[in-house]
> 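Below are the structure tokens for one structure; questions will follow.
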Number of protein chains: 2
Amino acid sequence: MADIKSGTPTLYLRDEELRKGIELLYFAYRDHNGVPDEILAEYGFGRAHHRVLHFVARSPGLAVSELLGVLRITKQSLSRVLKELVEKGYVRQETGARDRRQRPLYLTDKGSELERRLSAVQRERMARAYREAGAEAVAGFWRVLFGLIDADGRDAIKTFIEKP
Amino acid sequence: MADIKSGTPTLYLRDEELRKGIELLYFAYRDHNGVPDEILAEYGFGRAHHRVLHFVARSPGLAVSELLGVLRITKQSLSRVLKELVEKGYVRQETGARDRRQRPLYLTDKGSELERRLSAVQRERMARAYREAGAEAVAGFWRVLFGLIDADGRDAIKTFIEKP
DNA sequence: TAAATAAGTCAACATGGCTGACATAAAATC
DNA sequence: GATTTTATGTCAGCCATGTTGACTTATTTA
């Protein structure tokens, strides 16, 4: 209705396109995490555990503070899941070589195994989507997702992901 | 390190590409919901309320069972947020015309206002990402996201979104 | 008339965010 | 060398939102 007054008819199409992105993002994100959630439940874990496993697998030796920066949660929230992962033998903490206050994080063999199991189902789904959509679509997928990330978020992930 | 032993160099690129999609999806989804979450908090609402507002705005007159089907949550979970939205005057429930057991959902003026406020910030961010990425990228974005959705999920959203 | 369906409700539990306060060890600074 | 800052950990409690299970009411369908 605001559209009628605004006199910019192209806005209709535009809004429809924006809404489509918003909804697809919601449904895709949900289904992308569906199977991993079921697997995690077998272990008494949740999505938060998965994130820790993912980023520790991604950057072995990651400091706790670095992980906090990536996840953008409080240390109390992280502590809860990290503690469980360490106690159950999925994550190992060493003492920092340069700075002995730090506790660099590593996956144990058991942790690597679970991480691979979880990421396998996500990678398979992602691979299927890539295959169905084609290489050009994949490049566009990355570009738009990157554009959705906050300015400081883009900065924070620079070490992980180069600008697509 | 496992990679060095595996001897399948083509796998590197592929896995890197899949991981990139997985991580970008995580960061983009998080930031996409950041500002709306803050706005919702002003009203004492959460993301679940936003979803209800979104889909009721999207399909006025939606039956409760249809909303449950789209959101894929239990009616007890929905009940909690729907009740609040109705009590606080953001959502209105009528009695179904054809089937009087149904309670078609509509946004009140107040509800529409909030929904527009929430969707505005998401649409602005999405528009910025579209603009930065270009029209071709947007098409690819849709195609890959669609491919990430479960087979039955694709079915369920047919009424909302045509296959990109 | 009986059975199925749409919606609502109560209770209890789990996950994973949050704030606030405080403790310890190590590094950095004065 | 003493002090301050930093990295990490911990306790306690709150909130939002998902779950299961059991049960009710009104209405439609068979």
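First the proteins, then the strands, lettered A, B, ... as listed; each starts at 1. Below, each value reflects all heavy atoms present in this structure, side chains not excepted, and no hydrogens, waters or symmetry copies.
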> Taking only side-chain nitrogens and oxygens of B:S77, does any of them come within less than 4.0 Å of OP1 or OP2 of D:dT19?
yes
> Can you tell which of C:dG8, C:dG16, D:dG9 lies closest to the side chain of A:V81?
C:dG16
> Donor-acceptor pair, A:E38 side chain versus A:V35 backbone, under 3.5 Å?
no
> In whole angstrom, give the distance that lies between atom CG of B:D99 and atom C1' of D:dT25.
14 Å
> Are any of A:R100's side-chain N or O atoms less than 4.0 Å away from OP1 or OP2 of C:dA28?
no
> Between atom CG in A:L78 and atom P in D:dT10, what is the gap in whole Å?
11 Å
> At under 4.0 Å, does any side-chain N or O of A:S65 touch on OP1 or OP2 of D:dA7?
no
> What's the CZ-P distance between A:R103 and C:dT24, to the nearest Å?
15 Å
> Tell me the closest heavy-atom pair linking A:A133 and B:V144, and the distance in Å.
CB-CG2, 3.6 Å
> When the ring planes of A:F141 and A:Y130 are compared, do they come out parallel, tilted or perpendicular, using 30° and 60° as the limits?
perpendicular
> How long is the line joining CZ of B:R72 and C1' of D:dT19, in whole Å?
16 Å
> How close or far is atom C1' of C:dG17 from atom CZ of B:R30, stated in whole angstroms?
13 Å
> Would you mind classifying the nucleic acid contact of B:Q93 as base, sugar-phosphate or nothing, using non-hydrogen atoms under 4.0 angstrom?
sugar-phosphate
> If we check side chain to side chain contact (heavy atoms under 4.5 Å, CB included) with A:V81, which of these qualifies: A:V91, A:V52, A:L71, A:V86?
A:V52
> Using a 4.0 Å heavy-atom cut-off, does A:R80 contact any base of the nucleic acid, only the sugar-phosphate backbone, or nothing at all?
base
> Does C:dG8 have OP1 or OP2 under 4.0 Å away from a side-chain N or O of B:S79?
no
> Quick check: any donor-acceptor pair below 3.5 Å linking the side-chain of A:R101 to the base of D:dT6?
yes
> Is there a donor-acceptor contact under 3.5 Å linking the side chains of A:E23 and B:H54?
yes
> Is the shortest side-chain N/O distance from B:K83 to OP1 or OP2 of C:dC10 below 4.0 Å?
yes
> Check whether any side-chain N or O of A:Q122 sits under 3.5 Å from a backbone N or O of A:H32 as a donor-acceptor pair, and report yes or no.
yes
> To the nearest Å, how far apart are B:L82 CG and D:dG18 P?
13 Å
> Describe the nucleic acid contact of A:H49 in one word from base, sugar-phosphate, nothing, applying a heavy-atom distance below 4.0 Å.
sugar-phosphate
> Less than 3.5 Å between a donor and an acceptor, one on the side chain of B:Q76 and one on the base of D:dG21, is that the case here?
yes
> Taking the nucleotide of DNA chain D with the nearest heavy atom to each, does A:Q102 or B:G46 sit closer to the 5' end?
A:Q102
> With a 4.0 Å cutoff (strictly under), does any side-chain N or O of B:R51 reach OP1 or OP2 of D:dG18?
yes
> Starting from P on C:dG20, measure out to NZ on A:K75 and report it in whole angstrom.
14 Å
> In whole angstrom, give the distance that lies between atom CG of B:N33 and atom C1' of C:dG17.
14 Å
